[in-house]
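Read the structure below first, then the notes.
Because only heavy atoms are used, hydrogens play no part in the values below, and waters and symmetry mates are left out as well, while side chains stay in. The chains referred to below are lettered A, B, ... by the order of the sequence lines, with proteins before strands, and numbering in each begins at 1.
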Amino acid sequence: MPVLNRAGTRRDAMNLFAEIKTLVLETLGAMAAEGVLPEGLDLRNVSVEPPRDPSHGDMATNAAMVLAKPAKMNPRAIADELSARLATDDRIASVEVAGPGFLNLRLAAGQWQRIIPSVIAAGTDFGRSDMGGGEKVNIEFVSANPTGPLHVGHTRGAVFGDALASLLDFAGYDVTREYYINDGGGQVDVLARSVYLRYLEAHGQKVAFPDGTYPGDYLIAVGQALKDRVGDAYVDQPEDVWLQDVRLSSTDALLDLIKADLAALGVTMDHWFSEKSLYGTGRIEDALKALDDKGLIYQGTLEPPKGKLPEDWEAREQTLFRSTAHGDDVDRPVRKSDGAWTYFAPDIAYHYDKIERGYDQLIDVFGADHGGYVKRMKAAVSALSDGKVPLDVKLCQLVKLYKNGEPFKMSKRAGTFVLLRDVVNEVGRDVTRFMMLTRKNDAPLDFDFDKALEQSKDNPVFYVQYAYARVNSVMSKAEIATDDATLAKADLSILTHEAELALVGKIAEWPRLLETAARTHEPHRIAFYLYDLASDFHALWNRGNDAPELRFLQDDAAATAPRLALIRACQLVIGAGLGILGVTPMNEMR
RNA sequence: GCACCCAUAGCUCAGCUGGAUAGAGCGCUGCCCUCCGAAGGCAGAGGCCUCAGGUUCGAAUCCUGAUGGGUGCACCA
């Protein structure tokens with residue numbers, strides 16, 4: 001239950017850092033009110049953080065240093081005054097001024113431990129916050145062309161986007177997962193013709209797959225299905241008889257395939273947006289008119305790219321978007337010289353649609369090979385929303401596959417590219433997801449099939465899952481009640497060993513970590529945190545080898561219960577973190 | 001030629017809105033199972049945070065430039 005101290009701070013221990021920061025800010029406010037500090041100081045840069053070196057105390061604040069300049073005061077003077085006031089709070093054991101003006105805080109005995117019951121009470125909701133304030137965020141990811149099954153590259157984008165979505169949801173945003181279906185362009189004709197060839201094949205004809213068609217086996221079933229549906233009606237008929245119909249049925253079939261692939265990964269989209277729906281409905285025209293109304297559309301001729309002049313380059317007048325007015329390097333064509341839309345035009349209309357649907361924030365997850373489109377897309381969103389809707393584009397770098405330490409060769413030409421299904425079938429959904437998040441999105445990722453399945457600390461998935469399972473193992477051997485309600489009542493003040501406090505402290509970091517991860521749109525931070533948390537847990541476990549008094553199971557209940565409460569809290573945080581990553585915790589490793 | 005991303009231990013990589021003595025895993029050296037799961041843990045060695053300037057009380061972190069690597073560069077999506 002929240003308890004109020006004299007300053008009115010919530011004391012439910014959900015986030016000790018936030019709580020102490022509030023105390024610092026309120027104290028600074030009081031100092032300003034009494035004229036010790038000037039009024040109206042900008043307190044945004046004041047932080048309360050764990051010091052790098054634990055010997056410096058439990059928390060450190062930079063308040064005095066940040067405020068020294070704007071307050072026109074000596075940082076030491078601010079530090080001394082602030083320090084004296086903070087020391088009177090019953091949660092603070094001691095404050096010391098260090099270095100150029102750091103305040104190192106030591107919390108009163110039992111303060112850290114306070115967080116454990118509140119973790120148990122909150123369960124896997126511990127760390128959930130309202131930092132997003134219900135803002136509507138749209139995350140577009142995967143968006144692979146509906147012309148084939150998803151491959152490893154898509155897998156990384158899919159896992160990243162899905163985990164980011166869960167993370168932002170946990171942080172209090174109203175999140176929509178969205179897939180943009182590129183069903184409007186020429187590649188759908190290619191798909192339809194390829195399916196048509198498979199259809200002829202299903203009728204017993206010998207067919208060849210010329211360049212510019214998709215020879216993949218996955219279209220055999222689609223051709224067969226077409227035969228089952230229309231019989232021989234399209235055999236040896238000209239394109240204008242069947243193309244329209246085959247386009248539709250083929251994209252539907254391929255979308256079903258893609259949805260099944262995503263389902264195998266545990267990814268479910270909230271919204272599927274069809275590019276085709278933008279054509280012939282005035283949507284593209286509307287978006288371009290919106291730009292035109294801002295004077296950003298004109299007829300013009302682009303300069304040839306320098307240093308790499310295409311052989312067949314010739315100057316052409318086109319309809320251009322003045323993206324340079326919003327940070328792009330050159331203006332971009334929206335109509336081809338024959339009057340048709342470029343691919344960029346429906347993309348503009350699509351993002352216009354997202355803006356009109358009322359999103360406060362847009363996120364696009366692309367492959368790194370689309371890095372060249374970031375500026376123009378941001379320019380379009382900036383122009384269409386008058387700079388009010390931020391667009392963050394997250395680029396996912398390549399995944400390099402290894403097997404037995406050897407690079408796993410992929411060749412699209414030979415049709416041997418590795419599919420999402422191959423990866424999931426080989427190592428499972430959970431391992432695939434976790435491994436995809438063990439690297440920053442903009443760093444290349446090495447994925448080794450063997451290491452992913454290895455049961456050792458080399459394998460971070462295993463290591464984290466193992467910690468979770470070990471907690472269950474202890475619980476099942478306990479001879480006292482281990483339900484959460486009982487554990488939450490345990491007296492945690494006996495947990496004083498540094499290894500125990502290290503684990504408590506790591507658990508206490510969880511809410512801050514989540515905020516950072518959500519703010520920076522970097523879900524990989526969760527994977528690294530879980531590894532660290534598991535590490536602290538394993539370390540404490542092994543302390544029990546040499547120091548029996550640190551073992552979780554003790555002879556008397558009063559010594560056992562708080563220890564079980566501690567590891568239960570640890571387990572809950574691991575469970576919450578894995579939940580955000582979309583990984584199912586394992587109750588036992590066998 | 002231009003734009004974007006990257007450069008941290010021998011290797012693969014973390015590093016929070018700029019904070020104190022820069023971290024982890026692998027590999028290397030030496031330890032720890034009559035004990036809750038050794039599928040683990042502890043300790044040691046290993047660094048000019050690519051280089052040069054700048055901003056700052058303070059820079060791996062921000063800015064500029066250089067070097068080295070990746071990606072993309074008229075109407076293809």
Side-chain angles (χ1 to χ4, degrees), chain A residues 44-47 49-53 55-56 60 62 65 68-69 75 98-102 104 145 147 182 184-188 275 301-310 312-316 318 328-330 332-344 346-347 367-375 395 397-398 438-440 442-444 446 454-460 462-463 466-467 469-470 473-478 509 512-513 515-517 519-520 522 524-525 527-529 531-532 535 538-546 548 551-554 563 567 588-590:
Chain A
R44 278 176 305 179
N45 289 328
V46 173
S47 69
E49 310 186 316
R52 279 198 183 163
D53 185 342
S55 71
H56 287 137
N62 61 357
M65 285 178 292
K69 196 170 210 178
F102 267 103
N104 289 330
N145 290 341
T147 54
N182 289 108
Q187 80 282 4
V188 179
E275 175 193 355
T301 308
L302 290 173
E303 296 285 310
K306 286 174 182 163
K308 192 190 166 192
L309 187 64
D312 57 347
W313 196 91
E314 56 182 271
R316 291 193 182 103
Q318 300 169 307
D328 202 357
D329 305 309
V330 291
R332 305 291 177 176
V334 293
R335 270 187 199 276
K336 304 178 196 175
S337 49
D338 66 1
W341 301 118
T342 64
Y343 71 89
F344 187 39
D347 249 354
D369 55 344
H370 287 64
Y373 306 112
V374 173
K375 280 192 178 180
L395 299 177
Q397 273 291 349
L398 299 177
T438 53
R439 210 97 306 172
K440 223 170 4 189
D442 51 12
D446 291 342
E454 200 171 291
Q455 301 215 333
S456 76
K457 63 183 299 192
D458 292 13
N459 180 353
F462 167 79
Y463 190 73
Y466 183 33
R470 267 182 150 178
S473 176
V474 174
M475 293 295 176
S476 68
K477 292 192 170 152
E509 278 179 35
R512 294 179 77 243
L513 185 282
E515 277 195 31
T516 304
R519 179 166 33 78
T520 55
E522 292 181 340
H524 76 277
R525 289 174 188 273
F528 282 94
Y529 168 81
Y531 186 88
D532 286 346
S535 178
H538 290 307
L540 177 57
W541 177 295
N542 278 83
R543 289 298 184 110
N545 289 343
D546 297 327
R551 290 180 198 162
F552 305 132
L553 298 178
Q554 300 289 332
R563 296 193 160 83
I567 63 173
E588 58 178 349
M589 301 305 291
R590 295 178 211 286

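Between the CZ atom of A/F462 and the P atom of B/C26 there is a distance of 13 Å, rounded to whole Å. With rounding to whole Å, A/D347 atom CG is found 13 Å from B/C76 atom C1'. In this structure, A/N542 atom CG and B/C31 atom P are separated by 18 Å, rounded to whole Å. Rounded to whole Å, the distance from CZ on A/F344 to P on B/C73 is 15 Å. In this structure, the CG atom of A/D329 is 13 Å from the P atom of B/A74, given to the nearest Å. The distance from atom NZ of A/K375 to atom P of B/C4 is 4 Å, rounded to the nearest whole Å. Residue A/H524 contributes atom NE2, which lies 9 Å from atom P of B/C16 at whole-angstrom precision. The CG-C1' distance, from A/L540 to B/C42, rounds to 14 Å in whole Å.
When distances are taken from the side chain of A/T516 to each of B/C75, B/C16, B/G72, the shortest belongs to B/C16. Side chain of A/R316, nearest nucleotide from B/C36, B/G41, B/C75: B/C75. Taking only side-chain atoms of A/D546, from C-beta outward, the nucleotide of B/C16, B/C32, B/G41 with the closest atom is B/C32. Of the candidates B/A14, B/C5, B/U17, the closest approach to any side-chain atom of A/S47 belongs to B/U17. Minimum atom distance to the side chain of A/D442 is reached by B/C5, of the listed B/C5, B/G41, B/A38. With B/A74, B/U17, B/G40 as the candidates, the nucleotide lying closest to the side chain of A/Y463 is B/G40. Of the candidate nucleotides B/C36, B/U17, B/G72, B/U17 has the atom lying nearest to any side-chain atom of A/E49.
On the C1' atoms, B/A7 is 25 Å away from B/A45, given to the nearest whole Å. One C1' atom belongs to B/G25, the other to B/A20, and the distance between them is 26 Å to the nearest Å. B/G10 and B/U71: their P atoms are spaced 26 Å apart (whole Å). Nucleotides B/C48 and B/C42 place their C1' atoms 31 Å apart, quoted to the nearest Å. Separation of the P atoms belonging to B/G69 and B/U8 is 14 Å when rounded to the nearest angstrom. B/G23 sits 34 Å from B/C36 when the P atoms are compared, rounded to a whole Å. The same atom, C1', is picked in B/U61 and in B/U55; the two are 13 Å apart, to the nearest Å. For the P atoms, the distance linking B/U21 with B/C73 amounts to 46 Å, nearest Å.
A 4.5 Å side-chain heavy-atom check between A/R563 and A/Q554 finds at least one atom pair inside the cut-off. Taking 4.5 Å as the limit, every side-chain heavy atom of A/Q397 sits out of range of all side-chain heavy atoms of A/K440. You'll find the side chain of A/T520 reaches within 4.5 Å of the side chain of A/R525, heavy atoms only. Residues A/Q318 and A/T301 have side chains not in contact (no heavy-atom distance under 4.5 Å, counting atoms from C-beta outward).
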Produce the list of close N/O pairs, under 3.5 Å, pairing protein atoms with atoms of nucleotides 54-60 of chain B; give distances to one decimal.
residue, atom, partner, partner atom, Å
B/A60, N6, A/R52, NH2, 2.7

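Within 3.5 Å, a donor on the side chain of A/N104 pairs with an acceptor on the base of B/A20, or the reverse. Applying the 3.5 Å distance criterion, the base of B/A14 shares no donor-acceptor pair with the side chain of A/R439. At a cut-off of 3.5 angstrom, the base of B/G41 holds no donor-acceptor pair with the side chain of A/N545.
Heavy atoms of A/L553 sit under 4.0 angstrom from at least one base atom. A/T342 comes within 4.0 angstrom of sugar-phosphate atoms only, judged by non-hydrogen atoms across all strands, and of no base. No contact: A/A315 has no heavy atom under 4.0 Å from any strand. Residue contacts shown for A/E275 are limited to sugar-phosphate atoms, with no base heavy atom under 4.0 Å away. When heavy atoms are screened at a 4.0 angstrom cut-off, A/R543 is found touching no nucleic acid atom at all. Residue-level contact check: A/T520 touches the backbone only, with heavy atoms under 4.0 Å from sugar-phosphate atoms and none from bases.
Looking only at distances, no side-chain donor or acceptor of A/R439 sits under 3.5 Å from a matching main-chain atom of A/A443. Using a distance-only test at 3.5 Å, with no hydrogens or angles considered, a donor-acceptor pair links the side chain of A/Q187 to the main chain of A/N182. Put simply, the side chain of A/N62 gets close to the backbone of A/S47: a donor and an acceptor are under 3.5 Å apart. Side-chain atoms of A/N145 do not come within 3.5 Å of backbone N or O of A/T147 as any donor-acceptor pair.
Within the structure, a side-chain polar atom (N or O) of A/K336 is placed less than 4.0 Å from OP1 or OP2 of B/C76. Residue A/R470 places at least one side-chain N or O closer than 4.0 Å to OP1 or OP2 of B/A38. Within the 4.0 Å cut-off from OP1 or OP2 of B/C75, not a single side-chain nitrogen or oxygen of A/W341 is found.
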Problem set entry | Step-by-step side-chain contact (heavy atoms from CB on, under 4.5 Å) determination, A/E49 to A/R512 | CA-CA 9 Å; A/E49 310 186 316; A/R512 294 179 77 243; 3.7 Å; yes
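B/G72 and B/C2 make up a base pair, with Watson-Crick or G-U wobble contacts both under 3.5 Å. With a cut-off of 3.5 Å on both Watson-Crick or G-U wobble distances, the partner of B/G30 is given as B/C42. Checking B/U56 for Watson-Crick or G-U wobble geometry (two distances, each under 3.5 Å) identifies no partner in any strand. In this structure B/U61 sits in no base pair that meets the Watson-Crick or G-U test at under 3.5 Å. Remark: B/C11 base-pairs with B/G25; criterion is Watson-Crick or G-U wobble with both hydrogen-bond distances under 3.5 Å. Figure legend. B/G18 is base-paired to no nucleotide; pairs are counted as Watson-Crick or G-U wobble with both atom distances under 3.5 Å. The partner of B/C48 cannot be assigned: no Watson-Crick or G-U wobble pair with both contacts below 3.5 Å exists in any strand.
Using a 30° and 60° split on the angle between ring planes, A/F528 and A/H524 fall in the perpendicular class, above 60°.
Both thresholds, 5.5 Å between centres and 30° between ring planes, are not jointly met by A/Y343 relative to the base of B/C76, so the two rings are not stacked.
The residue among A/Y531 and A/F102 whose nearest nucleotide of RNA chain B lies closer to the 5′ end is A/F102. Between A/R519 and A/G186, the residue whose closest nucleotide on RNA chain B is further toward the 5' end is A/R519.
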Can I get a per-line list of side-chain donor-acceptor pairs under 3.5 Å for residues 538-546 of chain A, giving both atom names and the distance, sequence neighbours left out?
residue, atom, partner, partner atom, Å
A/H538, ND1, A/R470, NH1, 3.0
A/H538, NE2, A/Y463, O, 3.2

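A/R332 is linked by a salt bridge (Lys or Arg N to Asp or Glu O under 4.0 Å) to A/D328, counting only residues two or more places apart in sequence or in another chain.
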